[in-house]
Amino acid sequence: MRRLIDGPKDYLHSRVGGPYEICNDTDLEAYNATYWLYEYALDAVETHNASWEDFGDAEGILSSYMLIFRDEETGSIHEQGLQAADISPRGVNILNAAVSGKDAEELFELWRYDLFQEAREAG
């Protein structure tokens, strides 16, 4: 069995009673994966002298960071990249916006709002 040791966090989750409880899990996973990638890229820019232009576009960010798994039986480490489909077209647009100097946090806020509204309407 593989266990994720580095990858997207549950920034938003569908926990019972939570504001996103009824949201589509695929939408939440796309948000979480996009935000995780954005945080890594932002850290590279803010603390490691990288620039957003170094990434080129969303594909550059996607190819820069890997999910890391450990096989619990053998202890071996496996890496797996994320694809544009994993973060949705909206996630790709947000990463492209960040690379081009736009306020990605504002775009994430709008995405969270849309997910929240989706959950309220479904409930």
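Side-chain atoms are counted along with the backbone in the values below, which use heavy atoms only and exclude waters and symmetry mates. One is the number of the first residue; the rest follow in order along the sequence.
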Is there a side chain to side chain contact (heavy atoms under 4.5 Å, CB included) between L115 and Y31? Walk through the geometry before answering. CA-CA 9 Å; L115 289 169; Y31 176 92; 4.1 Å; yes
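- In this structure, L37 CG and L42 CG are separated by 12.5 Å, a value rounded to the nearest 0.5 Å.
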Please step through side chain to side chain contact (heavy atoms under 4.5 Å, CB included) for the pair L67 and E79, ending with a clear verdict. CA-CA 6 Å; L67 305 175; E79 293 184 350; over 6 Å; no
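- Here the straight-line distance linking atom CZ of R112 with atom CG of L28 works out to 12.5 Å at 0.5 Å rounding.
- S88 places a side-chain heavy atom less than 4.5 Å from the side chain of W111.
- Taking each heavy atom of G75 and R70 in turn, the nearest pair found is O-NH1, 3.7 Å.
- The minimum heavy-atom distance linking E59 with A84 is given by the pair OE2-CB, 3.7 Å.
- Without hydrogens or angle criteria, T47 side chain to A44 main chain gives no donor-acceptor distance under 3.5 Å.
- L62 CG to D86 CG: the interatomic distance, rounded to the nearest 0.5 Å, is 8.0 Å.
- In this structure, CD1 in I68 is found 11.5 Å from CD in Q80, a value given to the nearest 0.5 Å.
- The number of heavy-atom neighbours closer than 6.0 Å to CG of D103, taken from other residues, nucleotides and ligands shown, is above 12.
- To the nearest 0.5 Å, the span separating OH on Y65 from CD on E39 amounts to 11.5 Å.
- The minimum heavy-atom distance between L95 and A58, with the atom names listed, is CB-CB, 3.7 Å.
- Heavy-atom minimum distance, A104 versus Y38: CB-CE1, 3.5 Å.
- The aromatic rings of F55 and W52 are tilted relative to each other, their planes meeting at an angle between 30° and 60°.
- Nearest heavy-atom pair across G91 and T34 is CA-OG1, 3.5 Å.
- We find the CD1-OH distance between I94 and Y35 to be 10.5 Å, quoted to the nearest 0.5 Å.
- In this structure the side chain of E109 never reaches within 4.5 angstrom of the side chain of E106, judged on heavy atoms.
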Begin with the C-alpha distance, continue with both residues' side-chain angles, and end with the deciding distance and a verdict on salt bridge (Lys or Arg N to Asp or Glu O under 4.0 Å) for R90 and D27. CA-CA 10 Å; R90 190 169 191 170; D27 293 341; over 6 Å; no
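- Closest approach of V45 and S51 over heavy atoms only: CG2-C, 3.9 Å.
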Check the pair H78, D71 against side chain to side chain contact (heavy atoms under 4.5 Å, CB included), reporting the backbone distance first and the verdict last. CA-CA 8 Å; H78 304 275; D71 185 307; 4.0 Å; yes
